[in-house]
Protein chains: 2
Amino acid sequence: MTLSSSRRRRSRQPAPASSAEGRQSLGQVVHPGGGGAPFGLHAELQKMTAQEIMDAKALAASKSHSEAERRRRERINNHLAKLRSLLPSTTKTDKASLLAEVIQHVKELKRQTSLIAESSPVPTESDELTVDKEADEEGRAVIKASICCEDRSDLLPDLINTLKALRLRTLKAEITTLGGRVKNVLFITGDDESTTCDHHSIQDALKAVMDKTAEDSASGSVKRQRTNINILQHRSL
Amino acid sequence: MTLSSSRRRRSRQPAPASSAEGRQSLGQVVHPGGGGAPFGLHAELQKMTAQEIMDAKALAASKSHSEAERRRRERINNHLAKLRSLLPSTTKTDKASLLAEVIQHVKELKRQTSLIAESSPVPTESDELTVDKEADEEGRAVIKASICCEDRSDLLPDLINTLKALRLRTLKAEITTLGGRVKNVLFITGDDESTTCDHHSIQDALKAVMDKTAEDSASGSVKRQRTNINILQHRSL
DNA sequence: AATTACACGTGATTC
DNA sequence: TGAATCACGTGTAAT
């Protein structure tokens with residue numbers, strides 16, 4: 001990519017030479033009639049006042065503008081400082097590098113938490129679906145499927161029907177519910193030797209079940225409470 | 001705080017009116033002798049070329065400068081976009097609000113992981129010390145102390161002596177080591193009724209033990225390996 | 001001397 | 001209309 005091609009301005013009209021001829025720098029405004037020029041007194045005064053009025057207006061506007069912008073910058077930098085304090089390595093003073101480290105840190109934390117969530121039987125707030133191939137103690141191929149989603153009365157029948165349609169047999173199921181959420185950890189295997197046992201078909205089928213919303217069959221079902229409950233119900237079959 | 005007092009500029013000299021009278025705006029440089037003024041031809045040409053040289057130099061410098069700044073901006077904004085994509089709620093388009101959400105998210109993730117680490121017997125890479133009051137099954141007050149730090153040969157004796165000095169009795173201890181790190185989870189209670197059992201003293205004493213570095217008694221002790229090992233040694237007594 | 005990074009003020013744009 | 005946000009070019013300091 002060339003340097004010039006990297007220029008992407010905002011979608012804006014081709015600068016229609018803004019009506020008022022752009023005042024320059026506005027910190028030290030030029031007064032065209034300010035040096036005792038040969039004008040009538042009232043004219044000069046009038047011009048002065050008019051100019052001063054314009055100046056005052058423009059200066060006030062510009063002042064508030066720049067101050068607002070300063071406040072915005074201050075907010076952003078405060079947030080960056082807070083982020084820097086939260087990070088383990090305080091060393092990098094550079095702003096862009098700081099953000100890069102924040103990205104790495106967020107990714108790392110997300111990785112850790114998702115790893116924890118996968119190995120935990122307690123359902124989380126976000127939907128999850130993992131399908132892993134494992135080795136049975138007899139060397140038989142076993143698939144461990146973990147499904148975490150909103151609980152509903154016909155989730156288990158749906159799962160059973162889905163697995164039956166795929167000609168799969170569930171060896172063990174750990175079902176844990178918490179506050180209207182449910183996490184099913186299924187250990188499934190092929191019904192016989194000639195069965196569709198690939199990841200993709202299983203994942204897709206289970207995802208379809210997971211994504212089914214709760215409004216079906218029982219049309220006017222009461223909305224279940226979603227607040228955190230300290231009661232943990234766990235049944236293993 | 002007044003508005004004017006909020007202005008804090010960088011530590012800079014009071015603007016010594018930079019030697020060359022500051023060229024203005026540099027995008028459309030004013031040519032003082034550019035309008036066919038009554039000068040000699042060679043003088044005019046010389047002036048023109050000199051001016052043009054200056055212009056070319058300055059313009060090139062300014063160009064590279066502005067382009068460098070543009071690249072910097074682009075880097076930062078790319079990082080911000082990446083952060084935005086990592087966040088759960090993509091809604092907030094505002095830049096400052098985005099950073100605020102990043103802060104919240106990082107805090108939340110840190111909270112979750114630290115919570116996990118506390119309840120896990122496996123030592124982590126960072127030193128940790130938690131002292132929690134718990135209830136015994138007989139209603140007796142029990143204190144659960146978790147200490148995660150670099151392992152050393154006299155850590156356990158130190159802990160024992162410290163607890164003895166505080167007249168505390170350890171009911172149970174779970175000691176888990178991994179790759180030169182150790183995590184001790186102690187369940188302790190008062191030796192008798194008149195014992196110093198408050199959090200602060202226990203926390204301080206244990207922190208002193210935890211912060212003791214490994215160079216003592218065995219002066220020239222060999223530096224233990226710090227790489228991750230997949231062997232997990234756990235003994236509960 | 002050239003590069004890098006930051007804060008600033010400003011024009012444009014959106015609501 | 002103001003208020004708020006953004007990208008931009010620039011001045012300035014540090015390396």
Side-chain angles (χ1 to χ4, degrees), chain A residues 3-30 54-81 83-84 90-101, chain B residues 3-30 53-81 83-84 91-101:
Chain A
L3 279 173
S4 61
S5 74
S6 74
R7 300 196 176 205
R8 81 280 177 270
R9 282 176 170 271
R10 247 211 289 216
S11 69
R12 67 168 65 151
Q13 297 95 305
S18 60
S19 56
E21 17 121 1
R23 36 178 166 64
Q24 65 271 28
S25 96
L26 206 62
Q28 50 218 23
V29 180
V30 175
M54 279 187 58
D55 285 4
K57 259 198 193 172
L59 209 139
S62 174
K63 190 166 192 170
S64 76
H65 184 26
S66 61
E67 282 180 358
E69 180 65 10
R70 179 176 2 253
R71 293 218 309 272
R72 171 176 169 272
R73 255 179 270 134
E74 206 169 338
R75 279 211 320 263
I76 293 178
N77 286 338
N78 285 343
H79 285 160
L80 288 176
L83 267 178
R84 176 176 277 114
T90 323
T91 59
K92 280 293 182 192
T93 58
D94 179 15
K95 205 184 282 192
S97 309
L98 166 66
L99 287 177
E101 286 189 16
Chain B
L3 280 172
S4 61
S5 74
S6 74
R7 301 198 175 203
R8 80 281 175 271
R9 283 177 169 269
R10 240 196 312 201
S11 70
R12 66 170 63 153
Q13 298 94 303
S18 58
S19 57
E21 19 125 0
R23 36 178 167 61
Q24 66 269 30
S25 96
L26 208 62
Q28 49 217 24
V29 181
V30 176
I53 287 173
M54 279 187 58
D55 285 5
K57 260 199 194 170
L59 210 140
S62 174
K63 192 165 194 167
S64 76
H65 184 26
S66 61
E67 283 181 358
E69 179 64 10
R70 187 191 334 271
R71 291 212 305 273
R72 171 176 171 271
R73 254 179 269 133
E74 205 169 337
R75 261 190 333 207
I76 293 179
N77 286 338
N78 285 343
H79 285 161
L80 287 176
L83 267 177
R84 175 176 279 114
T91 58
K92 279 292 182 194
T93 57
D94 177 14
K95 204 184 284 193
S97 309
L98 166 67
L99 287 178
E101 287 190 16

Which of these nucleotides, dT5(D), dT4(C), dA7(D), is closest to any side-chain atom of Asn77(B)? dA7(D)
Look only at the side chain of Ser66(A) and the backbone of Ser62(A), and say whether a donor-acceptor pair between them is shorter than 3.5 Å. yes
Looking only at side-chain atoms of Arg72(A), point me to the closest of dT5(D), dC6(C), dA4(D). dT5(D)
Below 3.5 Å, does any donor atom in the side chain of Glu69(B) face an acceptor in the base of dC6(C), or the other way round? yes
Can you check whether Lys95(B) has a side-chain N or O nearer than 4.0 Å to OP1 or OP2 of dA7(D)? yes
Taking only N and O in the side chain of Arg70(B), is any of them less than 4.0 Å away from OP1 or OP2 of dA7(D)? no
Does Arg73(A) make a side-chain N or O approach to OP1 or OP2 of dC6(D) shorter than 4.0 Å? no
So which one's nearest nucleotide on DNA chain D is more toward 5', Ser64(A) or Ile76(A)? Ser64(A)
Expressed in angstrom and rounded to an integer, what is the separation of Asn78(A) atom CG from dC6(C) atom P? 15 Å
Separation of dG9(C) atom C1' from Lys63(A) atom NZ, nearest Å, is 14 Å
Side-chain donor or acceptor of His65(A) under 3.5 Å from a matching atom on the base of dG9(C)? no
Restricting to non-hydrogen atoms, name the atom on Thr93(B) and the atom on Arg84(B) that form the minimum distance, rounded to 0.1 Å. O-NH2, 2.9 Å
In this structure, how many angstroms lie between the C1' atom of dC6(D) and the CG atom of Leu99(B), rounded? 14 Å
Test of understanding: with side chain to side chain donor-acceptor pair (under 3.5 Å), list the residues that count as partners of Asn78(B), not counting sequence neighbours. none
According to a strict under-4.0 Å criterion, is Arg71(B) in side-chain N/O contact with OP1 or OP2 of dT3(C)? no
Nearest-angstrom distance from the residue atom CZ of Arg75(A) to P of dA7(C): 15 Å
Between dA3(D) atom C1' and Glu67(A) atom CD, what is the distance in whole Å? 14 Å
Under-4.0 Å side-chain N/O to phosphate OP1/OP2 contact, Ser62(A) with dT10(C): yes
Asn77(A) vs Lys95(A) side-chain heavy atoms within contact, under 4.5 Å: yes
With a 4.0 Å cut-off, would you call Arg71(B) and Glu74(B) a salt bridge? no
